[in-house]
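Let me begin by presenting the structure, written as structure tokens, before commenting on it.
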Amino acid sequence: DWVRAGGRLFINAAPNEGGSMNLGFGLSLNYTSEEMDMTHSNNAYAVDPNHEIFDGNYGNAGGTFSGNWFSHATVSGEGLNSLITGDVGVILGEKTFGEGGVLVGGMTLPHYHNPSQESYDLLANILDYAAHGTIPEPSTYALWAGAALAGVALVRRRQR
């Protein structure tokens, strides 16, 4: 009800066990531990490098990333606009829901990503966008962590 009334929500998980999850909003987090290559991505790519999560208030993050597992899961669902894709599917996406919006991802922490500083900038930009940006209607695009991680990323950026 909160999202439908205009709230914004960021859901991100990089599971190491268990299985796929229904995230609500008609969206799913897809994970399988038995066939890691089916849901894990070492590489990640901006779908639209001009989107504000790649060049936002916390810096230019670029549009190509790698890592020792940039993500452990993919995300899917009707009306999901892709923001970041990986070796095996969509890693980060967004969806309008009522008057609000949801960002969903299967990304690991920036500590596991390269280039390092740009990866922290990416996360800070994602959190800023989730809090303040406008998630577009699905037709507009052809498109983690908890409070502690958000605080760490923002504090680190401000210390520079």
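In what follows, residues are counted from 1 in the order of the sequence shown.
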Inset, instruction - Decide yes or no for Val104 and Leu29: does some side-chain heavy atom of the first lie under 4.5 Å from some side-chain heavy atom of the second? - result: no
Inset, instruction - Return yes if some donor-acceptor pair links the side-chain N/O of Arg8 with the main-chain N/O of Leu103 below 3.5 Å, else return no. - result: no
Inset, instruction - Report the distance from atom NE2 of His72 to atom OG1 of Thr32, rounding to the nearest 0.5 Å. - result: 13.0 Å
Legend entry - Side-chain donor/acceptor of Lys95 to backbone N/O of Leu27, under 3.5 Å: no
Legend entry - Taking every non-hydrogen atom, the tightest pair across Ser119 and Phe65: OG-CD2, 3.8 Å
Inset, instruction - Would you give the length of the straight line joining atom CD1 of Ile91 to atom CE of Met107, rounded to the nearest 0.5 angstrom? - result: 8.5 Å
Inset, instruction - Starting at OG1 of Thr74, measure out to CD1 of Ile84 and round the result to the nearest 0.5 Å. - result: 13.5 Å
Inset, instruction - Taking Tyr58 for its side chain and Leu122 for its backbone only, find out whether a donor-acceptor pair lies under 3.5 Å. - result: no
Legend entry - Euclidean distance, Asn125 CG relative to Ile53 CD1, rounded to 0.5 Å: 8.0 Å
Legend entry - Partners meeting side chain to side chain donor-acceptor pair (under 3.5 Å) with Asn43 (sequence neighbours left out): Asp87
Inset, instruction - Report the C-alpha separation of Asn60 and Asp121 in whole Å, then their side-chain angles, then the decisive distance to 0.1 Å, and conclude whether the side-chain contact (heavy atoms from CB on, under 4.5 Å) test is met. - result: CA-CA 7 Å; Asn60 187 315; Asp121 293 344; over 6 Å; no
Inset, instruction - Grab the two heavy atoms, one from Ala13 and one from Ala73, that are nearest each other, plus how far apart they are. - result: O-CB, 4.3 Å
Legend entry - Check: His111 ring centroid to Tyr120 ring centroid under 6.0 Å: no
Inset, instruction - Examine the side chains of Asn30 and Thr39 and answer whether a donor and an acceptor come within less than 3.5 Å of each other. - result: no
Inset, instruction - Mark yes when over 12 heavy atoms from residues, nucleotides or ligands other than Tyr45 sit less than 6.0 Å from its OH; otherwise mark no. - result: yes
Legend entry - Smallest separation among heavy atoms of Gly106 and Ser71, with atom names: O-CB, 3.1 Å
Legend entry - Any donor-acceptor pair under 3.5 Å from His113 side chain to Gly67 backbone: no
Inset, instruction - Please check if the side chain of Ser20 supplies one atom and the backbone of Tyr31 the other of a donor-acceptor pair under 3.5 Å. - result: yes
Legend entry - CD1-CG distance between Ile11 and Leu23, expressed to the nearest 0.5 angstrom: 5.0 Å
Inset, instruction - State, with a plain yes or no, whether a side-chain heavy atom of Leu80 is found less than 4.5 Å away from one of Phe25. - result: no
Legend entry - Parallel, tilted or perpendicular: ring planes of Trp69 versus His40, cut at 30 and 60 degrees: perpendicular
Inset, instruction - Could you list all the ring-ring contact (aromatic ring centres under 6.0 Å, His included) pairs where at least one residue sits in residues 73-96, not counting sequence neighbours? - result: none
Inset, instruction - Please round to the nearest 0.5 Å and tell me the distance separating atom CZ of Phe70 and atom CG of Leu92. - result: 8.5 Å
